Engineer: 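Sharing a structure below in structure tokens format, with a few things to ask.
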There are 2 protein chains.
Amino acid sequence: MADTDRSPFTPGRPRGPELRYGNRPTMKDVAARAGVGLKTVSRVVNSEPGVTPDTERRVQEAIESLGFRRNDSARVLRKGRTASIGLVLEDLADPFYGALSRAVEEVARAHGTLLINGSSAEDPDREQELALALCARRVDGLIVIPAGDDHRYLEPEIRAGIATVFVDRPAGRIDADTVLSDSFGGARAGVAHLIAHGHRRIGFIGDRPRIHTAVERLRGYRTAMADEGLAVSDSWVSLGTTAPERVRAAMLEMLTGPEPVTAVFAGNNRVTVTVVRVLAEQPRRVALVGFDDIELADLLGITVIAQDSAALGRTAAEQLFRRLDGVEEKPVRVALRTMLIPRGSGEIPPS
Amino acid sequence: MADTDRSPFTPGRPRGPELRYGNRPTMKDVAARAGVGLKTVSRVVNSEPGVTPDTERRVQEAIESLGFRRNDSARVLRKGRTASIGLVLEDLADPFYGALSRAVEEVARAHGTLLINGSSAEDPDREQELALALCARRVDGLIVIPAGDDHRYLEPEIRAGIATVFVDRPAGRIDADTVLSDSFGGARAGVAHLIAHGHRRIGFIGDRPRIHTAVERLRGYRTAMADEGLAVSDSWVSLGTTAPERVRAAMLEMLTGPEPVTAVFAGNNRVTVTVVRVLAEQPRRVALVGFDDIELADLLGITVIAQDSAALGRTAAEQLFRRLDGVEEKPVRVALRTMLIPRGSGEIPPS
DNA sequence: CATTCACCTGACAACGTTGTCCAGGCTCTA
DNA sequence: TAGAGCCTGGACAACGTTGTCAGGTGAATG
């Protein structure tokens, strides 16, 4: 036989996982060290009244010397509130969403709440996976920038009390609080601006038709054209991914087709960026108005329909906390104004 | 007396909080509904082997009909691992950090881990508050973009087993894994580039001297100048916040001082943006190289020292997971290369 | 037919915290 | 000096989950 019993497998005592948080001290350890009861430590940690200054000092010392930090998981389990909210967005690397997320974070912070955000990468399945993961963590509330168009999967969660606000795009097939920019009005104003500068053949390049804002902006485009009695050729309209190659191809086609456009309306910031690049290579000057403002657009002279992403985030977060504070009302739907900022590219005359 | 006893206050039965997650069903409820034991539900939820297909189906039905979702807080408490990591950065609205965060998120996702990130807003106290809050949530690991220069407050946490990696800037007063860009080498190369194009009076505008990268880039600047035997006038160097007003003032002073500069090196993306704006207003053409690439910089012809923020994030995250997988080695220090991208502004001759 | 064995299933404790309740010591008043 | 009332501190259960272990059933084997 090998050697003596090195693994004292005591059947009566169930063993936990190998390493628990690297064996961090618990309140029990602190209590033992300070020579007080468990609950007294809890009181000190939570600044509850009813502890003598002397006792408090002893406990504090024990906390310091052991490097104790309260385990919030246990706290959450007991208290039923996590003091955290979730944000599901499309892509944190997109400055538009970065600013939105940051605004939400600030509101959350003001409410003593932690923000957890994740990127859906425009994939509806991933959106769902992420949203449900956040629900499993029992976030108190959820802000969602939809990638998909069916959010019935959230119904049990909402019924179970997870406050939910949709932002930038409306929820699909459920009724919920929503905060949007006025995509329709913004696009309509932008296209009207181009028409006012003499354009008759105007192109539109937008995001995929599954995306609500893309559809709304297209509707704004069509309405503005119809307002002035202008016909729209199919070859002037392109909806699809915002991948540079596709946008580039669409743009080139509009420029070289049988009825070449003299102006373009770009459906969002990514489209605008690519369009600007393509137009820069063209000998002919083509007018451009883009949805969303872009950094340095002032220097490049790009006329845009600006939406305030920070305001979107802030408004959504405030509505969420209103719900968390117990306000009961029918789902609200807020639309934020957009602003046309003329910088040159939208004022180029037809050629 | 008012009315009959409407509030059956049963002293023997301690009552929990008013509403717990809006009274969500638990495994116990599912078990009761499906007519099975608690542990069997747990097995089904975790796809553990050893459950008859028939039993599994019954449990699944109960889960569906009750809208059950596992409470991850309880799970974490029991298992000791949260399957989440924390990222403390400066400002999510800055595209540089947005891209970095996104890269970390992708790596985390590949490891089945959730990312929680928060902005320190360049405030050391807030950085600490945030990092410790994440530790209290028992994240498995932590990635920190330092705002402060003293991270000894993390020592107990690291000892307790929270893997920690610093990125973009080194840790202060503790020894830990670090992933940086080669700020010194990048700045040196950028300034050398300007010198090679004939400039002798070159300005430097950087971030606050508390920021390590700012200091390193300044050192690169000074070294490049010294390499060519060029003296540096104090009036050419400005370190401070990246607030547009300050940068603007500094830039104007360099342009109008007794020894006006013919070129500038901008210490980071925010500085570059402001400098570009100021230079656009000047009659004289002034050369510019900026640290960090910027969207649309190609169209504006801005020469930059590009660092790959996504690679920074990815590398840091991979190192973190290496630690979480139990790799024990001395703290590593990785420096990623930077790349000079000439686009015009850096090739303007002195005037 | 008895026995072994594999496989399923469920009872129970434990994770670390907080809410409830009670005990004991103290002060203050009659 | 006794009684009432207040303040501090601690024992204990419970939050919802998972690891351990034992019981129970049915099939396969001798």
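Chain identifiers are assigned alphabetically (A, B, ...) following the order of the sequence lines, protein sequences preceding nucleic acid strands; residue numbering begins at 1 within each chain. Since this is a predicted model, take the numbers as computed values, not measurements.
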Engineer: Of all the choices, C/dT9, C/dT18, D/dG16, which nucleotide is nearest to the side chain of A/Arg70 once you look at every atom?
Structural biologist: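 Given the options C/dT9, C/dT18, D/dG16, the side chain of A/Arg70 is closest to C/dT18.
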Engineer: Considering just the side-chain nitrogens and oxygens of A/Thr52, establish if one lies under 4.0 Å of OP1 or OP2 belonging to D/dG9.
Structural biologist: yes
Engineer: Which of the following nucleotides, D/dA11, D/dG9, D/dT17, is nearest to the side chain of A/Lys39?
Structural biologist: D/dA11
Engineer: Taking CD from B/Glu48 and C1' from D/dT17, how many angstroms apart are they, rounded to a whole number?
Structural biologist: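 Result: 11 Å.
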Engineer: In whole angstrom, give the distance that lies between atom CZ of B/Arg78 and atom P of D/dG19.
Structural biologist: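 Distance check: B/Arg78 CZ to D/dG19 P gives 7 Å.
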Engineer: Can you check whether A/Thr55 has a side-chain N or O nearer than 4.0 Å to OP1 or OP2 of D/dG9?
Structural biologist: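 Yes.
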Engineer: When the distance from CE of B/Met27 to P of D/dG16 is rounded to whole Å, what number comes out?
Structural biologist: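 The distance from CE of B/Met27 to P of D/dG16 comes to 12 Å, rounded to the nearest Å.
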Engineer: For A/Ser101 and A/Asn117, which I'm curious about, is there any donor-acceptor pair between the side chains at under 3.5 Å?
Structural biologist: yes
Engineer: Can you say whether a donor on the side chain of A/Arg75 sits under 3.5 Å from an acceptor on the base of C/dT17, or the other way round?
Structural biologist: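 No, no donor-acceptor pair under 3.5 Å.
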Engineer: Quickly work out the B/Arg43 CZ to D/dT20 C1' distance and round it to whole Å.
Structural biologist: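 After rounding, the gap between these two atoms is 11 Å.
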Engineer: Name the residue from B/Glu127, B/Glu157, B/Arg173 that meets the side-chain hydrogen bond (donor to acceptor under 3.5 Å, both in side chains) definition with B/His151.
Structural biologist: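 Checked B/Glu127, B/Glu157, B/Arg173 against B/His151; only one passes side-chain hydrogen bond (donor to acceptor under 3.5 Å, both in side chains): B/Glu127.
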Engineer: Taking N and O atoms by type only, does the side chain of A/Lys28 place a donor or acceptor under 3.5 Å from a partner on the base of C/dG16?
Structural biologist: no
Engineer: Is there a donor on the side chain of B/Arg24 or the base of D/dG16 sitting less than 3.5 Å from an acceptor on the other?
Structural biologist: no
Engineer: So, OP1 or OP2 of C/dC15: does either fall under 4.0 Å of a side-chain N or O from A/Thr26?
Structural biologist: no
Engineer: How long is the line joining NZ of B/Lys79 and C1' of C/dC15, in whole Å?
Structural biologist: 13 Å
Engineer: Rounding to a whole Å, what distance do you find between A/Asn46:CG and C/dT20:P?
Structural biologist: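 Those two atoms, CG and P, are 14 Å apart.
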Engineer: Considering every strand and a 4.0 Å limit on heavy-atom distances, what is the contact class for B/Ser42: base, sugar-phosphate, or nothing?
Structural biologist: base
Engineer: Just by distance, with hydrogens left out, do A/Arg137 and B/Asn71 show a side-chain donor and acceptor under 3.5 Å apart?
Structural biologist: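 Judged by distance alone, the side chains do not pair up.
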Engineer: OP1 or OP2 of C/dT9 sitting under 4.0 Å from any side-chain N/O of B/Thr40?
Structural biologist: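 Checking B/Thr40 against C/dT9: no side-chain N or O falls below 4.0 Å of OP1 or OP2.
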Engineer: Check the orientation of B/Phe321 and B/His111. Use parallel for under 30°, tilted for 30 to 60°, and perpendicular for over 60°.
Structural biologist: parallel
Engineer: Please report the C-alpha distance between A/Gln128 and A/Tyr153 in whole Å, then the side-chain angles of each, then the deciding distance to 0.1 Å, and finally whether the side-chain hydrogen bond (donor to acceptor under 3.5 Å, both in side chains) criterion is met.
Structural biologist: CA-CA 8 Å; A/Gln128 174 170 348; A/Tyr153 70 87; 5.7 Å; no
Engineer: Just the rounded figure in Å: distance from P of D/dT18 to CG of B/Leu38.
Structural biologist: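 Result: 9 Å.
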Engineer: Just to be sure I understand the rule, does A/Val51 reach a base, reach only the sugar-phosphate, or reach nothing, if contact means heavy atoms closer than 4.0 Å?
Structural biologist: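 Answer is sugar-phosphate: A/Val51 comes under 4.0 Å of backbone atoms only.
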Engineer: A/Asp29 CG to C/dG16 C1': how many Å, rounded?
Structural biologist: 10 Å
